[in-house]
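Worksheet: one structure, shown below.
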Amino acid sequence: MIPAGGWDTETTGVDLFHDCRPFMVSRNTGADDPLLWEWDVDPLTRAVEIPDGDLAEIEENLEECSETVFQNAKFDIRALVSAGLEWKQDWFGRVHDTLLMGHLLASGEPHDLTTMALRYLRIDIKPYEDALQQAVTECRRLVRNKEFIEKYGEWRIAKKNDPGLPSARGDEKLWKWDMWLPRAVAKATKLSPAHTYWTVCRDYHLVDSGVTLPLGQLQIEILQDRGLFALYQLRRRLIEIIYKMEKRGVTYNRKRLKELRAEYVEQAAHSEKVCLALSGGKLASLPKSGTSKAMREVLFSDFKLVPLKYSDKTGEPSVDKTTLEAWMAELPEQSKPGVFVKNLRGKRQRDTAVSYMDGYERAGLEILQATLGDAVRWSDIIVLHPSLNPTGTATLRFSSSNPNEQNISKQEGFNLRYCFGPAPGREWWSLDYENLELRIPAYEAGEAAMIELFEHPDRGPYYGSYHLLVFDILHPEKFAKYGADCKKVFKSTWYQWTKNGNFAVQYGAQEESGTADTAYHVKGAQHRIKERFTAISELSKQTIAFAARNGYVNTMIDREMGAYPLQVKRDAWGKIKPTVPLSYHVQGTAMWCMCRAMVRAQEYIASLPNHFTVMQVHDELVFDFPRSKLPGGNLPKILKLKSLMEESGNDIGIPLKVDYAYHPNNWAKTEDVPAVAV
DNA sequence: CGATGTAGCACC
DNA sequence: AAACGGTGCTACATCG
């Protein structure tokens with residue numbers, strides 16, 4: 001028998017870089033009784049008390065396993081390390097992950113252990129979870145009792161605004177953070193040994209870890225049967241990569257953030273004042289988000305603005321950014337409604353930026369000397385450890401949370417990337433695929449005009465710009481007059497609208513719906529564009545037909561590993577939405593390329609001390625390197641990474657191009673690489 | 001008071 | 001019937 005282990009941990013929450021720690025660990029061999037380590041949690045501090053020798057014992061057991069199976073390995077490894085365990089580099093190669101396998105086998109279905117155990121093993125572990133939830137909820141109520149507090153003190157159960165638990169939000173299912181509680185209650189109140197509070201968490205935990213191993217073994221077999229194992233082997237490598245990205249984290253400058261925050265707060269307050277004055281006393285304040293009744297009254301009754309769309313759910317007229325921007329384009333700038341709308345839009349943007357910054361401050365940690373191997377502690381350099389989930393979407397995109405690193409604003413005037421950047425002694429480089437999701441269907445379908453564009457970015461009149469090409473189709477007179485300057489001349493009008501429409505089309509807008517035409521501000525625009533790009537239209541048709549027959553689409557075939565199947569969601573009538581198949585196919589293929597790139601990049605930078613990948617924003621990777629002695633001196637490494645990323649194109653037979661940017665100062669600012677470096 | 005849903009905004 | 005793909009976070013409204 002292979003010495004294998006199904007492993008699982010329970011923790012006091014997800015913030016393992018902050019105050020959360022594991023309090024229960026188990027190894028299941030499939031044959032003997034499971035090994036369990038269960039530790040007391042101090043109810044006043046949430047600190048976990050680990051007896052001497054336990055970690056060493058766990059390490060021995062991990063060492064003994066030639067293969068390990070986890071559900072979301074990255075999390076459990078981080079939990080163990082946060083407790084003080086020394087995770088050995090070569091253990092990564094032994095790790096299997098039922099979460100990754102679950103996504104590969106059924107991308108569109110839930111991948112939680114309960115669902116998968118039922119589906120693959122016909123084992124229902126839900127009752128154990130329900131029993132635990134009930135016990136924890138009871139205990140959370142109990143320890144908040146006045147009498148209980150008088151007798152046992154104020155217990156630190158999970159709630160929002162606890163600085164050590166920045167990811168604990170009001171809407172979160174916080175009972176999951178207090179699974180240690182029933183046993184702590186049993187202990188403190190000296191319940192009889194037969195009471196379920198002693199064991200309810202352990203029972204739940206043991207069925208969890210009990211199914212992990214057989215589930216993993218079965219999934220491996222199915223992957224092999226379906227010819228998907230090579231894909232899985234590549235995806236497995238992401239575990240170590242993401243683990244290391246998260247560990248290193250993302251640095252920002254607190255001073256810059258605070259300056260920017262103060263500026264936005266002031267501007268938002270000013271905008272609010274302007275709006276209140278224009279409301280003629282009808283508004284006492286502006287809602288911080290959404291639209292109040294009073295505000296709708298002002299906009300639609302007093303200003304007589306025309307609604308452009310209505311909420312699907314409530315039927316109320318929308319006052320969202322598309323609507324505000326459309327109004328702004330129509331209204332005279334000096335008019336009452338014009339000024340109101342502009343200030344409302346500006347206030348909302350600044351409120352959003354401020355709320356993001358508050359989120360960063362809540363999650364941010366001061367860098368300890370050990371983190372950067374430097375003798376200084378910089379109080380202004382803060383590090384975030386956003387979580388990346390490679391199975392977080394129905395395609396192959398990652399999701400990111402706590403905080404989200406993938407939605408950091410880069411808009412003019414709201415560029416929060418200005419706050420982010422390298423710590424002293426470091427420098428950032430970002431590498432992004434050029435037009436990744438346009439290139440894929442263009443080359444796959446053989447769309448000649450687009451291929452020509454991508455092959456010759458130096459040639460006029462479009463200079464590689466797809467938006468300009470479409471602009472010319474829609475506005476030939478303007479383009480004839482201004483050429484590439486249309487980008488500037490019609491920056492916030494026709495050119496911006498062309499971009500908006502292009503994105504709508506790229507993401508699957510159907511001609512019949514008129515969605516793209518609205519975005520383009522040109523009637524019949526999508527039809528005219530379609531007539532020019534018939535090859536992609538044909539590819540879309542084929543992809544829809546395939547999805548209708550099979551219920552999934554494939555990513556483009558990787559020469560070595562095959563294609564990743566992506567289940568296509570269905571509408572309420574069980575039919576394929578026509579907007580989905582090509583979108584998934586392209587998005588999935590793009591992200592398969594990124595996955596390949598991350599693996600190759602990691603293989604390379606692993607040999608370079610203190611070089612890190614720190615962010616992935618779908619088609620962009622950000623690297624954090626030691627600052628070179630000569631400005632730009634790291635360029636050769638970056639060129640190597642660029643070619644490694646472009647190699648993904650060879651895997652699928654499409655030429656890909658990667659651009660790079662040098663950020664010695666901050667993420668918003670790209671600096672020229674001095675010629676001497678080249 | 002907590003849970004749930006909605007609107008709105010940020011990213012690609 | 002609907003027709004723009006994939007996300008996360010905050011504030012607000014509503015309901016039990």
Side-chain angles (χ1 to χ4, degrees), chain A residues 107 137 140-141 144 159-160 167 169-175 286-293 311-314 316-324 344-345 347-360 362-363 386-389 392-411 414-417 432-433 435-438 500-516 518-519 526 544 553 566 568-569 571-588 590-591 594 615-620:
Chain A
S107 59
T137 310
R140 276 171 62 87
R141 207 169 294 139
R144 272 181 288 200
K159 57 181 180 195
K160 69 170 180 183
S167 308
R169 280 178 286 271
D171 60 339
E172 202 87 10
K173 291 173 167 57
L174 282 184
W175 72 266
L286 289 182
K288 270 212 151 194
S289 81
T291 309
S292 60
K293 275 185 188 166
S311 161
D312 291 338
K313 313 261 168 158
T314 64
E316 292 289 335
S318 300
V319 188
D320 59 7
K321 86 169 184 176
T322 329
T323 305
L324 293 181
L344 174 59
R345 167 94 177 109
K347 184 201 176 270
R348 281 182 178 171
Q349 286 182 293
R350 288 175 179 86
D351 284 348
T352 302
V354 168
S355 84
Y356 283 10
M357 288 191 260
D358 290 344
Y360 304 144
R362 198 170 60 237
S387 173
L388 279 175
N389 179 359
T393 72
T395 68
L396 286 174
R397 283 200 173 182
F398 295 5
S399 63
S400 167
S401 59
N402 298 324
N404 185 347
E405 77 186 20
Q406 295 178 324
N407 70 349
I408 301 170
S409 176
K410 58 181 214 172
Q411 283 177 57
F414 304 92
N415 198 334
L416 294 197
R417 295 184 181 197
D432 67 300
Y433 285 103
N435 291 320
L436 183 56
E437 292 193 6
L438 283 174
N500 294 351
N502 283 345
F503 286 122
V505 173
Q506 184 179 324
Y507 293 140
Q510 298 293 291
E511 188 185 330
E512 298 75 13
S513 73
T515 309
T518 307
Q526 190 171 7
I544 291 169
V553 296
L566 294 169
V568 171
K569 65 175 183 196
D571 64 17
W573 289 264
K575 287 208 167 155
I576 302 291
K577 290 173 70 182
T579 50
V580 165
L582 186 64
S583 178
Y584 277 31
H585 171 70
V586 171
Q587 196 177 106
M591 288 307 297
M594 175 53 91
M615 275 192 276
Q616 189 253 53
V617 192
H618 311 307
D619 62 1
E620 173 182 10

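Here is the naming used below: chain letters follow the sequence lines, and residue numbers restart at 1 for every chain.
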Proximal nucleotide (of dA10(B), dG8(C), dG5(C)) relative to the S401(A) side chain: dG8(C)
Short side-chain N/O contact to dC4(C) OP1/OP2 from T515(A), under 4.0 Å: yes
Within 6.0 Å of CZ in R141(A), more than 12 heavy atoms from elsewhere: no
C1' gap between dA1(C) and dG8(B), integer Å: 26 Å
N/O (side chain, R362(A)) to phosphate O (OP1/OP2, dT10(C)) under 4.0 Å: yes
Presence of S513(A) side-chain N/O under 4.0 Å of dC4(C) phosphate oxygens OP1/OP2: yes
Side chain to side chain contact (heavy atoms under 4.5 Å, CB included) evaluation trace for L324(A) with R348(A): CA-CA 11 Å; L324(A) 293 181; R348(A) 281 182 178 171; 3.6 Å; yes
Distance in angstrom units between H618(A) NE2 and dG8(C) P, rounded: 10 Å
Pair K410(A)-E620(A), salt bridge (Lys or Arg N to Asp or Glu O under 4.0 Å): steps then yes or no: CA-CA 14 Å; K410(A) 58 181 214 172; E620(A) 173 182 10; 5.6 Å; no
Sugar-phosphate, base or nothing in reach of P578(A), heavy atoms under 4.0 Å: base
R417(A) and E405(A) ion-paired at < 4.0 Å: no
Sugar-phosphate only, base, or nothing, as touched by R345(A) at under 4.0 Å among non-hydrogen atoms: sugar-phosphate
Under 3.5 Å side-chain donor-acceptor pair for Q510(A) and Q526(A): no
Interatomic distance where CG belongs to L416(A) and P belongs to dG8(C) [whole Å]: 19 Å
Interatomic distance, R350(A) CZ vs dA11(C) C1' [rounded to whole Å]: 19 Å
Phosphate OP1/OP2 of dG8(C): any Q406(A) side-chain N/O under 4.0 Å: no
Under 4.0 angstrom between R348(A) side-chain N/O and dC9(B) OP1 or OP2: yes
Options dA1(C), dC12(B), dG5(C), nucleotide nearest the side-chain atoms of K575(A): dA1(C)
Rounded interatomic separation in angstrom, taking CD from Q616(A) and C1' from dC12(B): 10 Å
Distance-only polar pair, side chains of Y356(A) and N404(A), donor-acceptor under 3.5 Å: no
Touch class at under 4.0 angstrom, heavy-atom based, for V505(A) against every strand present: nothing
Distance test, side-chain N/O of Q587(A) to OP1/OP2 of dC12(B), below 4.0 Å: no
Distance below 4.0 Å between Y356(A) side-chain N/O and dC9(C) OP1 or OP2: no
Interatomic distance, D320(A) CG vs dC12(C) P [rounded to whole Å]: 18 Å
Interatomic distance where CG belongs to N404(A) and P belongs to dC9(B) [whole Å]: 17 Å
Closest nucleotide among dT7(C), dG5(C), dC12(B) to the A394(A) side chain: dT7(C)
Nucleotide of dG8(B), dC9(B), dC12(B) approaching R417(A) most closely (side-chain heavy atoms): dC12(B)
T291(A) side-chain N/O to dG8(B) phosphate OP1/OP2 under 4.0 Å: yes
T579(A) vs dG5(C): side-chain N/O to OP1/OP2 distance below 4.0 Å: yes
Short side-chain N/O contact to dG6(C) OP1/OP2 from K569(A), under 4.0 Å: yes
Short N-O contact, D351(A) and K347(A), less than 4.0 angstrom: yes
Atom-pair distance (CD on E512(A); P on dA1(C)), nearest Å: 16 Å
Which nucleotide in dG8(C), dA10(B), dG5(C) has an atom nearest any side-chain atom of S399(A): dG8(C)
Touch class at under 4.0 angstrom, heavy-atom based, for Q349(A) against every strand present: sugar-phosphate
Sugar-phosphate only, base, or nothing, as touched by Q506(A) at under 4.0 Å among non-hydrogen atoms: nothing
5′-ward residue of the pair T395(A)/N402(A) relative to DNA chain C: T395(A)
K410(A) vs dC11(B): side-chain N/O to OP1/OP2 distance below 4.0 Å: no
S318(A), nearest nucleotide to its side chain (from dG8(C), dG8(B), dG6(C)): dG8(B)
Among dC11(B), dG5(C), dT10(C), the one nearest S355(A) by side-chain distance: dT10(C)
Separation of atom NZ in K159(A) from atom P in dG2(B), rounded to whole Å: 10 Å
